[in-house]
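What's counted below: heavy atoms across the whole structure, side chains too, no hydrogens, waters or symmetry copies.
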Amino acid sequence: MSSLGYLVYLAFIFIPGIGLGEVLEVWGKQDSLTTRIAYSFGLGLAVDTTVVMIRTSGVVPTLLGLDIWTIYGTILFGVALLLLSSIVRRRLTWWVKPRKLDLVVLAILLVQSLMILLYFEKYPIFPEYQVPDYTAHVHYVQALISGSSTSIPTGVLYYGVHFQLASSLLLVGGNPLVTVRWTMAILAALSPLLFYLVAQKLFSSNVAGAITALMYSLSATIWFGTVFNSGLYANFFGILASLFLLVALIELGLNLKSPGAWAVLCLATTTAYFSHYSTLTILPAVLILPFVQYFADRDLPKRVFLASLLIVLPAAIAILAYPTIITSFELLATGGGTVIGGTWISGLLSAVPILSYMATETTYDVGFLIMLSLFAVYLWRTFTMRLPLMFVPLIWLVSLLIASPVGVGAWRFSFEALVPFTLMAAFGLFSLLPKIEARKGRTSSPTTYWKAGLVLMLVLVPLFAGSWSVQLVSDATTSTQ
């Protein structure tokens with residue numbers, strides 16, 4: 001099936017997401033096309049995860065293994081929802097006219113896709129760095145398809161990405177290692193959408209979302225470091241699941257009486273618990289958010305608090321029923337890996353391993369110092385504005401600093417920590433720009449755009465000059481035997 005199989009796989013992600021989004025009315029009239037595409041991506045992953053989790057759960061003999069008809073059935077389910085929505089409302093609301101900023105985000109996606117293609121052109125079969133994780137993921141996928149492994153309980157906090165990989169392998173076929181790598185490349189190429197979406201929701205700004213997607217994409221620290229440099233597929237999927245969980249919680253806070261918002265939150269929570277154990281570090285931010293809102297508004301939002309409890313409840317029940325889970329989590333967290341290299345700043349931060357590894361993964365000190373400076377701007381703006389949602393990435397980062405182990409195991413947590421760090425640094429950069437979005441109903445003057453472009457150039461050029469993206473493009477375009 002080859003290339004056509006990858007197109008069907010994209011349909012497996014997006015069609016259920018678009019269809020369910022239409023029926024649940026999750027996007028509003030003011031939402032841009034990029035916001036709708038990003039929401040469909042996250043919701044589609046959540047639907048796929050839930051369907052494949054049930055299909056491979058093993059709770060009854062018929063729910064063992066994965067077949068291609070489950071995938072086609074999920075796509076048809078999305079098509080049926082689209083037809084239902086069009087019949088009931090006599091129109092589909094998903095498509096809206098693209099705006100200029102939508103084209104900017106599209107360009108970001110295309111640039112990141114080009115970087116991945118250049119990398120694969122040089123390393124078409126085997127990755128540049130050989131680690132056992134690559135073949136291990138193939139074994140997990142094959143075990144899921146055959147039914148020799150089940151999603152419950154084996155897949156909790158780990159198999160989410162393997163649901164995607166198994167589905168793609170059934171559709172595409174071919175060499176499992178190659179198909180799995182290309183599937184991860186697709187997820188990586190689409191991942192800026194969720195960074196855009198969560199920043200847009202947290203900071204109530206499409207421009208802030210675009211800046212976040214740009215910084216995430218062109219730095220390449222997170223997506224290249226986890227997927228292509230180390231094979232941490234489950235960690236990467238855990239990041240995507242965490243971002244969509246935040247989006248679902250924020251949306252519920254804005255639409256507390258919406259059954260659709262509650263349904264999306266349940267799907268997002270399921271996806272988070274089947275993604276990766278590092279996702280648990282977002283739970284403190286989820287639980288503390290209602291109290292932050294209380295201190296800001298002097299009013300405890302009861303339904304938001306209930307939603308936070310809904311997200312945290314599965315973890316609490318599991319710990320009460322099986323206290324040994326805590327020990328198992330500690331063993332997982334302290335597990336392995338070898339980190340080669342470092343920077344001057346990473347050496348200075350060696351007393352706090354997770355910060356040290358964050359600096360190491362950023363790859364060069366100038367870029368990390370710029371990120372720290374933008375983070376300082378974020379702190380100043382956050383404590384000045386005192387908007388509850390803006391504290392979420394800070395609480396998430398603090399949770400990771402507390403939960404991360406002392407030792408080499410902190411390396412795996414460093415990728416997750418770079419996510420809220422990137423969100424906060426991006427907002428710091430956004431705060432330095434002229435307020436283009438404040439001119440509603442009018443077109444901003446050319447001078448405003450020139451000033452914004454100048455600030456972006458002055459910050460982003462030195463930020464990306466020694467980044468992973470520059471290194472991988474340079475390596476991919478250098479001919480070697």
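Interatomic distance, CD of Gln200 versus CG of Leu193, reported as 12.5 Å (0.5 Å rounding). The OG atom of Ser32 lies 8.5 Å from the CD1 atom of Ile37; values are rounded to the nearest 0.5 Å. The CZ atom of Arg36 lies 9.5 Å from the CH2 atom of Trp94; values are rounded to the nearest 0.5 Å. To the nearest 0.5 Å, atom OG of residue Ser467 and atom CZ of residue Phe224 are 11.0 Å apart. Here the straight-line distance linking atom CZ of Phe228 with atom OH of Tyr233 works out to 7.5 Å at 0.5 Å rounding. In this structure, the separation between CD1 on Ile282 and CG on Leu249 is 9.0 Å, given to the nearest 0.5 Å.
The heavy-atom pair separating Ser40 from Ile18 by the smallest distance is OG-CG1, 3.4 Å. Between Ala410 and Pro353, the closest heavy-atom pair is CB-CB, 3.8 Å. The shortest heavy-atom contact between Ile354 and Ala417 is CD1-CB, 3.9 Å. Closest of all the heavy-atom pairs between Glu361 and Thr221 is O-CG2, 3.2 Å. Heavy atoms only, all atoms of each residue included: Asp31 and Val96 are closest at O-CG2, 4.1 Å. Annotation for Leu10 and Leu190: closest pair CD2-CD1, 4.0 Å, computed over non-hydrogen atoms.
With Ser168 contributing its side chain and Leu165 its backbone, the two residues share no donor-acceptor pair below 3.5 Å. A donor-acceptor pair under 3.5 Å links the side-chain atoms of Ser308 to the main chain of Val286, judged by distance alone. Judged by distance alone, with hydrogens and angles left aside, the side-chain atoms of His137 form no donor-acceptor pair with the main-chain N or O of Arg181 at under 3.5 Å. For Ser346 (side chain) and Thr360 (main-chain N/O), no donor-acceptor pair under 3.5 Å exists by modelled atom type. Here the side chain of Ser167 pairs a donor or acceptor atom with the backbone of Phe163 at under 3.5 angstrom. Between the side chain of Ser85 and the main chain of Leu81, no donor-acceptor pair closer than 3.5 Å is present. In this structure a side-chain-to-backbone donor-acceptor pair under 3.5 Å is present from Thr150 to Ile152.
Between Tyr140 and Tyr159, the ring-plane angle classifies as tilted under the 30° and 60° cut-offs. Using bins of under 30°, 30° to 60° and over 60° for the plane-to-plane angle, the ring pair Phe427/Phe430 lands in the tilted bin. The aromatic rings of Tyr277 and Phe413 are tilted relative to each other, their planes meeting at an angle between 30° and 60°. Note: Phe195 and Tyr216 have parallel aromatic rings, judged against thresholds of 30 and 60 degrees for the angle between ring planes.
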Which side-chain N or O atoms in residues 101-112 pair as donor and acceptor under 3.5 Å with protein atoms at least two apart or in another chain?
from   : atom 1 : to     : atom 2 : distance (Å)
Asp102 : OD1    : Thr34  : N      : 3.1
Asp102 : OD1    : Thr34  : OG1    : 2.6
Asp102 : OD2    : Arg99  : N      : 2.7
Gln112 : OE1    : Ser217 : OG     : 2.7
Gln112 : NE2    : Ala188 : O      : 2.6

Atom pairs and distances, side-chain donor-acceptor, residues 393-403, under 3.5 Å, sequence neighbours left out:
from   : atom 1 : to     : atom 2 : distance (Å)
Ser399 : OG     : Ile395 : O      : 2.8

Name every donor-acceptor pair, under 3.5 Å, that has one atom in a side chain of residues 374-382 and the other anywhere in the protein, sequence neighbours excluded.
from   : atom 1 : to     : atom 2 : distance (Å)
Tyr378 : OH     : Met390 : O      : 2.3
Thr382 : OG1    : Tyr378 : O      : 2.8

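If you check the side chains of Tyr9 and Gln164, you find a donor sitting under 3.5 Å from an acceptor. Side-chain contact check for Thr35 and Trp27: no donor-acceptor pair (N or O, by modelled atom type) lies under 3.5 Å. Looking at Thr93 and Glu22, their side chains do bring a donor and an acceptor atom within 3.5 Å of each other.
Looking at Leu252 and Trp262, their side chains come closer than 4.5 Å, going by heavy atoms from C-beta outward. Side-chain atoms of Val26 and Val264, non-hydrogen and from C-beta on, do get closer than 4.5 Å to each other. Side chains of Leu310 and Leu306 form no contact here, defined as non-hydrogen atoms less than 4.5 Å apart. When side chains are defined from C-beta on, Tyr273 counts as touching Thr269, because their heavy atoms get closer than 4.5 Å. Side-chain contact between Thr74 and Val52 is absent, with no heavy-atom pair separated by less than 4.5 Å. Ile345 places none of its side-chain heavy atoms less than 4.5 Å from the side chain of Tyr364. Under the 4.5 Å side-chain criterion, counting only non-hydrogen atoms from C-beta, Val51 is not in contact with Phe77. No side-chain heavy atom of Met53 sits less than 4.5 Å from a side-chain heavy atom of Thr271.
Between Phe236 and Phe415, the ring centre distance reaches or exceeds 6.0 Å. Between Phe291 and Phe305, the ring center distance clears the sub-6.0 Å criterion.
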Determine, stepwise, if the pair Val455 / Lys451 fulfils side-chain contact (heavy atoms from CB on, under 4.5 Å).
-> CA-CA 6 Å; Val455 172; Lys451 288 180 180 178; 5.6 Å; no
Evaluate the side-chain contact (heavy atoms from CB on, under 4.5 Å) criterion for residues Ile239 and His276: first the C-alpha distance (whole Å), next the side-chain angles of each, then the deciding distance (0.1 Å), finally the verdict.
-> CA-CA 8 Å; Ile239 289 170; His276 190 256; over 6 Å; no
Could you please spell out the steps behind the side-chain contact (heavy atoms from CB on, under 4.5 Å) verdict for Leu171 and Val8?
-> CA-CA 7 Å; Leu171 291 168; Val8 179; 3.7 Å; yes
Given side-chain contact (heavy atoms from CB on, under 4.5 Å), test Glu251 with Tyr39 step by step and report yes or no.
-> CA-CA 11 Å; Glu251 283 293 288; Tyr39 209 117; 3.9 Å; yes
For Phe274 and Tyr158, run ring pair (Phe, Tyr, Trp, His ring centres under 6.0 Å): C-alpha distance rounded to whole Å, both residues' side-chain angles, the deciding distance at 0.1 Å, then the answer.
-> CA-CA 6 Å; Phe274 279 88; Tyr158 197 68; over 10 Å; no
